[in-house]
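Worksheet for the structure shown next.
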Amino acid sequence: QLWRTSYDITPKMESVFYCANSSGGNEAIDPAFNGLWQFAGPGHWNDPDMLEVGNLDNIVQDKLHFSLWCILAAPLMTGNNLIEMPDSVRNILTAKEVIAVDQDPRGFQGYKVYNNGVQEVYNKPLSDGTTAVLLLNKGEAVCNITVRWDQIGLKGIQKVRDLWKKSNLGYFKDGFIATNLPQYGFMLIKVGTPGQKPVRGPLPVPEEKYTVTKKGITSLSDIYYLMKQGDAPKLNENFAGNSISVAGKKYEKGLGCTTASRIMYKLDGRADRFRAIAGIDDDDSGNETARFKVFKGDYFGGTVLYDSGNISKGSSLNIDIDVKGVNYILLIIDGKDVHADWADARVIVN
């Protein structure tokens, strides 16, 4: 009923944010999804790893960490020393109003409505008609962070409650400002009045945007990837932002990558063939080789459908693979500091 979305967490805020972003951001999934929220819900949960509450530098960091996991509807598994746990940590791990956000029966995972790379705002519609909002500051400078009601599906005058202070802050028109937040400063609030019409969550990304749904040709640069490791691919251009060019021939469509790239696409068992022209991009100025692989499924348990071996610049590979019944393909480029392309990468449905 749950699956890990991240590597192992460590008791550092950088690690906490990385793990949170693996579930609630674009650490591994296409940015168009705005996180893995649409794949979470009752019976199937994204797990950004255990809690480091009680192991971080101070109580503020512990509270922020716990708030993040609760807004993300994450499993709450303690990772601290229970025998030596002080009351300050126990009070965080047993904060009923905060836990209620995590375990709300509606089952929404919170999603970002604002992110400038330093300050973030998450929204999590709740079953009682209210919505939970987390405003947090990752940056070193003290700042104010605003959430507008139109960002979270509300309007007009709304009641605001501070869930950590367990106190009502009053009624606010059109939005709310969390003021003077230091680094790792945050507010977790509940907006709205219980019993009102449920706040609508965001619309899931349509299936045709991230998998094969039609007959004929589907270019992989026209759909979103479901997972990536390494740098994200460039769409319809090489990694330097120029036209894709392999062995002297230019291509209008394809994926411009660097080596150490792994990209997974969902075929959902509907495609018949995978085709691409693969090779080191003509713009690459080095002398290193690259190796192209196609896996059925994931890297650890999948089957190798294609392996080019090491190739040099100036070569092109005409790949044509049977993918009948394959749900996911993983495209891998191994090598050292090479710009390489999956030119005209596409799947065919007969």
Side-chain angles (χ1 to χ4, degrees), residues 3-8 22 26-33 36 39 46-47 207 209-213 217-236 238-239 244 246 251 253-281 288-312 315-350:
W3 45 81
R4 278 280 296 280
T5 60
S6 69
Y7 293 119
D8 291 349
S22 72
N26 63 345
E27 187 65 40
I29 199 166
D30 193 292
F33 287 97
L36 288 165
F39 303 109
N46 296 313
D47 172 22
E207 190 178 43
K209 295 291 188 180
Y210 63 90
T211 190
V212 179
T213 58
I217 298 172
T218 297
S219 294
L220 295 190
S221 57
D222 290 339
I223 60 176
Y224 307 140
Y225 56 81
L226 281 189
M227 186 278 288
K228 63 94 177 169
Q229 287 181 296
D231 293 308
K234 302 286 187 178
L235 305 181
N236 303 324
N238 67 17
F239 199 76
I244 292 174
V246 177
Y251 297 86
K253 300 186 77 68
L255 309 171
C257 301
T258 58
T259 42
S261 164
R262 298 178 182 178
I263 318 162
M264 180 176 283
Y265 288 91
K266 183 179 181 182
L267 306 186
D268 212 22
R270 297 169 181 167
D272 294 291
R273 311 293 301 180
F274 166 73
R275 294 173 182 163
I277 306 298
I280 296 173
D281 193 88
E288 300 289 343
T289 61
R291 185 172 184 175
F292 293 79
K293 300 177 185 177
V294 180
F295 275 69
K296 172 186 175 181
D298 63 60
Y299 182 77
F300 297 101
T303 303
V304 178
L305 299 177
Y306 177 86
D307 186 342
S308 70
N310 293 328
I311 68 165
S312 302
S315 300
S316 65
L317 306 167
N318 192 347
I319 303 172
D320 187 356
I321 303 171
D322 184 349
V323 291
K324 290 185 180 69
V326 173
N327 289 320
Y328 300 91
I329 56 169
L330 182 64
L331 307 182
I332 298 175
I333 308 177
D334 289 330
K336 181 180 179 182
D337 300 327
V338 177
H339 289 185
D341 307 314
W342 298 95
D344 201 17
R346 63 207 186 276
V347 290
I348 314 297
V349 178
N350 296 328

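Values below: every heavy atom of this structure, side chains too, minus hydrogens, waters and symmetry copies.
When all heavy atoms are compared, the tightest approach of Ile244 to Asn236 is CD1-C, 4.1 Å. Minimum heavy-atom separation, Val246 to Ser316: CG1-CB, 3.8 Å. When all heavy atoms are compared, the tightest approach of Ser312 to Ile280 is C-CD1, 3.7 Å. Contact detail for Gly269 and Asn327: the closest heavy-atom pair is N-OD1, 3.3 Å. In plain terms, the two heavy atoms of Ile333 and Ala290 that are nearest each other are CG2-CB, 4.2 Å.
Two rings, from Phe274 and Tyr306, have their centers 6.0 Å or more apart.
Looking at Asp222 and Lys253, their side chains come closer than 4.5 Å, going by heavy atoms from C-beta outward. For the pair Phe292 and Ile311, the minimum side-chain heavy-atom distance is below 4.5 Å. Trp3 places a side-chain heavy atom less than 4.5 Å from the side chain of Asn46. The side-chain heavy atoms of Val212 and Val349, taken from C-beta on, include a pair separated by under 4.5 Å. Contact annotation: the side chain of Phe295 never approaches that of Thr303 to less than 4.5 Å [non-hydrogen atoms, C-beta and beyond]. Under the 4.5 Å side-chain criterion, counting only non-hydrogen atoms from C-beta, Leu330 is in contact with Ile332. By the 4.5 Å heavy-atom criterion applied to side chains, Asp231 and Cys257 are not counted as neighbours. Inter-residue side-chain proximity for Ile277 and Asn318 is flagged as met; some heavy-atom pair is nearer than 4.5 Å.
Atoms CD1 and CG, from Ile319 and Leu305 in turn, are 11.0 Å apart once rounded to the nearest 0.5 Å. The CD1 atom of Ile217 sits 13.5 Å away from atom CZ of Arg273, with the distance rounded to the nearest 0.5 Å. Atom CG of Leu36 sits about 4.0 Å away from atom CD1 of Ile29, to the nearest 0.5 Å. If you take CG on Leu255 and CG on Leu235, they are separated by 6.5 Å, rounding to the nearest 0.5 Å. Atoms OG and OH, on Ser221 and Tyr251 in that order, are 14.0 Å from each other to the nearest 0.5 Å. With rounding to the nearest 0.5 Å, the separation of OG1 in Thr218 from CD1 in Ile348 is 8.0 Å.
For Lys266, the NZ atom sits in a packed shell: over 12 heavy atoms of surrounding residues, nucleotides or ligands are nearer than 6.0 Å.
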Evaluate Val338 against Thr258 for side chain to side chain contact (heavy atoms under 4.5 Å, CB included), listing each step before the verdict.
CA-CA 6 Å; Val338 177; Thr258 58; over 6 Å; no
Determine whether Lys296 and Val326 satisfy the following criterion, side chain to side chain contact (heavy atoms under 4.5 Å, CB included), listing intermediate values before the conclusion.
CA-CA 7 Å; Lys296 172 186 175 181; Val326 173; 3.9 Å; yes
Kindly determine whether Ile329 and Ile321 satisfy side chain to side chain contact (heavy atoms under 4.5 Å, CB included), including the steps that lead there.
CA-CA 11 Å; Ile329 56 169; Ile321 303 171; over 6 Å; no
Worked verdict on Trp342 versus Leu317 for side chain to side chain contact (heavy atoms under 4.5 Å, CB included):
CA-CA 9 Å; Trp342 298 95; Leu317 306 167; over 6 Å; no
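Side-chain atoms of Ser22 come within 3.5 Å of backbone N or O of Thr5 as a donor-acceptor pair. For Asp268 (side chain) and Arg270 (main-chain N/O), no donor-acceptor pair under 3.5 Å exists by modelled atom type. Under the 3.5 Å distance criterion, the side-chain polar atoms of Asn310 are left unmatched by any main-chain donor or acceptor of Arg291. Put simply, the side chain of Asp341 never gets that close to the backbone of Ala343: no donor and acceptor are under 3.5 Å apart.
Just one of Phe33, Tyr265, Tyr328 meets the ring pair (Phe, Tyr, Trp, His ring centres under 6.0 Å) condition when paired with Tyr210; it is Phe33.
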Going by atom type alone, with no hydrogens or angles, which donor-acceptor pairs under 3.5 Å involve a side-chain atom of residues 223-230 and a protein atom two or more places apart or on another chain?
{"from": "Lys228", "atom 1": "NZ", "to": "Glu27", "atom 2": "O", "distance (Å)": "3.4"}
{"from": "Lys228", "atom 1": "NZ", "to": "Gly230", "atom 2": "O", "distance (Å)": "3.2"}
{"from": "Gln229", "atom 1": "OE1", "to": "Arg262", "atom 2": "NH1", "distance (Å)": "3.3"}
{"from": "Gln229", "atom 1": "NE2", "to": "Tyr7", "atom 2": "OH", "distance (Å)": "2.6"}

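Residue pairs meeting the salt bridge (charged side-chain N to carboxylate O under 4.0 Å, His left out) criterion with at least one partner in residues 322-338, sequence neighbours excluded, are Lys293-Asp334, Asp322-Lys324.
Here Arg275 does not pair with Asp344 in a salt bridge; the nearest charged N to carboxylate O distance is not below 4.0 Å.
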